Amino acid sequence: MSSKLVNATVEAGTPAGKRARSPLTEHDVYLFREGTHCTLYEKFGCQLTADGAHFAVWAPNARAVSVIGEFNGWDPNAAPMAARPDSSGIWEAFLPGVRSGASYKYRIDSRDGHALDKADPFAFYAEVPPDTASRAWSLEYRWGDGEWMATRAARNGLSAPMSVYEVHLGSWRRRDGRMLSYREAADELAAYVAEMGFTHVELLPISEHPFYGSWGYQCTGYFAPTSRYGSPQELKYLVDTLHQHGVGVILDWVPSHFPDDPHGLGRFDGTYLYEHEDPRQGYHPDWHSSIFNYGRHEVRAFLLSSAHYWLAEYHFDGLRVDAVASMLYLDYGRKDGEWIPNQYGGKENLEAIDFLRTLNLSVYRDFPDVQTIAEESTAWPMVSRPTYLGGLGFGMKWNMGWMHDTLKYFKEDPLYRQYHHNTITFSLIYAFNENFVLPLSHDEVVHGKGSLIGKQPGDNWQQFAGMRTLYGYMWTHPGKKLLFMGGEFGQRREWTHEGELEWWVLQYADHGGLKQWVADLNRVYRAEPALHEIDFDSAGFEWIDASDHLDSTLSYVRRSRNGELVLVVCNFTPMPRHNFAVGVPQAGYWRELANSDARDYGGSGMGNLGGVASQPIPAHGRNQSLTLTLPPLSTVIFKCESNR
């Protein structure tokens, strides 16, 4: 039942001793304490009214709480808050005259005598770091994406094409050395992504975070977009503009941990409130951060509300949930003796599992036309399967195994790839166990890993040919696609969050050719249902030859629901293959849809003159076959058409 439908109200104390109507109803408090409230952002934090602002904060172990801000000279005695009489631990106050833009914090007097100045956990906006105060703000905005919102169920569906461009906004482009604002980036990013044919943008976390070098993965503002790039309205304009260009927007969201900055969630009321007290449960050794207490109902409601907030208020089309594996395992990143088993003696975090299932159930209940996507790096079963079957309920899961094996294979010298053939074919053994996204993400181009193109062996020509082959294989492999910015044109330098991408390299034909190949791959991928319609079922895939290790080739067919066939042949060596026989399941003319060796992309121009007719010559267990010219280091894509 929505809390909006309940008319009961309680009153909150004000500094002047007056009484003001609270937006928090008894039912809100009940759902909050139950851990199922999903719209706390409508009731907590700073809620502006025509004549002031209502403040509400959860601090159950505080001796006293007050609102301090520029409107009262940061005087801790000017605006004391009143504790609700229902033992909920919620403190409230109405302050007349507070206006949008005003900076504020909560002064919390802990039971051990310390005075803590804390940012508002539910703040909609914050000061630009390194300043740390929250800001009163209205979320009012006039949207222009009605057409997108009316049709996005089909665009975000599991059978729809999904080619995601992963973006770190502060380093995508810069102007005169400075970062672009949300508004400045909007038109340029939308036009570029639409031109390149990507269906979605995924933004690295834009929740407010004190340390820019964390890329947003150590956030303090679970309801505040970082003010480094502008206001909430400017972020809405960015999402709105992308939608109007036909591009969906996915948000990277981090419910796994938070930093211990003094103004943040850590020891919020002087006690371990949002996090576990025992460091074996509450401290993350890999990231030196705090772990949420998923067993505490109020914390669950806080996180549920954050997820719903971004989807409701900012029209995001999905949430990519970061570091799910760290949530699922109590021993994640820990040695023996550094973790506490669950009640059954196991290493599974039962409270986090329950939270993730509740999260997904609530998101798909209220937003059935979005997707939740798990970054889960282990073999945890049924991540993207329904909760009623025992799954976690995510819509999709990143295929980290595919990423690892594929990059490992492409790093091998082509001369020796014949000895590693099972590395490139292994992913098809488990490809349909989950609804997979194939990621070549930011994680693969940082911390000394170099660039994607730098992983390719050989000279400059072979490296670019290898990149085109990799992308051709990736875009035709079952699963949705994700590529981190810069990979589309073969940036040589490892990514850094300081400075922009190496756009200047596009003056060179090989970089421009790779960029054009990615754009054309997206065009073919979106146009051909066989390449995206049945991504998560073996009915959409058929091997032609998975065992040609001596020549290091692969050939396979993708199918659409109505039986259309697309043939893919990959040559992972720089040796061209002439008169190369490939069995096909259907007689007819097989038109060449795309060839990574075309001169337009920087290739040698070797190909099949637009297509090949099948002949009744058996090969690979099929009665019909094609005789192909297979270019060096290439992916060639064909579609079966009527006999010609």
Side-chain angles (χ1 to χ4, degrees), residues 38-42 44-48 100 120-126 134-135 137-153 155-156 164-170 180-187 189-190 193 199-209 216 219-255 302-322 359 362-364 366-373 395:
C38 296
T39 56
L40 293 174
Y41 54 87
E42 296 176 342
F44 276 75
C46 174
Q47 301 290 330
L48 288 170
S100 181
D120 189 345
F122 285 90
F124 297 147
Y125 197 26
S134 303
R135 297 180 68 185
W137 205 260
S138 167
L139 295 175
E140 185 176 352
Y141 178 81
R142 184 184 295 273
W143 288 91
D145 64 348
E147 181 180 352
W148 171 272
M149 296 297 285
T151 60
R152 74 172 181 176
R155 298 173 188 255
N156 290 334
V164 183
Y165 187 58
E166 188 187 31
V167 174
H168 176 261
L169 201 60
L180 300 181
S181 69
Y182 298 118
R183 178 171 286 272
E184 289 173 324
D187 293 313
L189 179 61
V193 172
T199 65
H200 291 72
V201 164
E202 181 173 313
L203 296 176
L204 265 64
I206 48 82
S207 302
E208 192 58 83
H209 49 286
C219 83
T220 51
Y222 277 79
F223 298 83
T226 179
S227 53
R228 290 176 178 87
Y229 310 135
S231 69
Q233 280 74 15
E234 289 180 291
L235 175 58
K236 291 185 179 188
Y237 179 83
L238 170 62
V239 176
D240 200 355
T241 303
L242 284 160
H243 282 173
Q244 292 181 47
H245 281 73
V247 178
V249 193
I250 299 166
L251 177 66
D252 216 336
W253 183 63
V254 190
F302 171 81
L303 289 172
L304 290 175
S305 294
S306 173
H308 283 243
Y309 168 77
W310 297 109
L311 298 170
E313 287 292 336
Y314 288 88
H315 289 198
F316 281 107
D317 301 290
L319 298 174
R320 179 267 195 185
V321 182
D322 181 65
L359 167 72
S362 69
V363 165
Y364 284 112
D366 294 345
F367 306 94
D369 52 357
V370 306
Q371 292 291 349
T372 60
I373 305 167

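One-based numbering along the sequence shown. It should be emphasised that the depicted structure is a prediction, and the values quoted were computed from it without experimental measurement.
Trp310 CH2 to Asp252 CG: the interatomic distance, rounded to the nearest 0.5 Å, is 12.0 Å. Expressed to the nearest 0.5 Å, how far CD of Gln371 lies from CG of Leu319 amounts to 10.5 Å.
Side-chain contact between Tyr314 and Val249 is absent, with no heavy atoms from C-beta onward closer than 4.5 Å. With contacts defined as side-chain heavy-atom distances shorter than 4.5 Å, the pair Tyr125/Ser231 qualifies. Two residues are said to be in side-chain contact when any heavy atoms from C-beta on lie closer than 4.5 Å; Thr372 and Leu359 fail this criterion.
Below 30°, between 30° and 60°, or above 60°: for Trp148 and His243 the angle between ring planes is below 30°, a parallel geometry. By the 30° and 60° cut-offs, the orientation of the rings of Trp143 relative to Tyr141 is perpendicular.
For His245, there are no ring pair (Phe, Tyr, Trp, His ring centres under 6.0 Å) partners two or more places apart in sequence or in a different chain. Residues meeting the ring pair (Phe, Tyr, Trp, His ring centres under 6.0 Å) test with Phe124, sequence neighbours left out: Tyr309.
Under the salt bridge (charged side-chain N to carboxylate O under 4.0 Å, His left out) criterion, the residue pairs touching residues 229-243 are Lys236-Glu313, with sequence neighbours excluded.
A donor-acceptor contact closer than 3.5 angstrom is absent between the side chains of His200 and Asp317.
For the pair Arg228 (side chain) and Ile206 (backbone), a donor-acceptor distance under 3.5 Å is absent.
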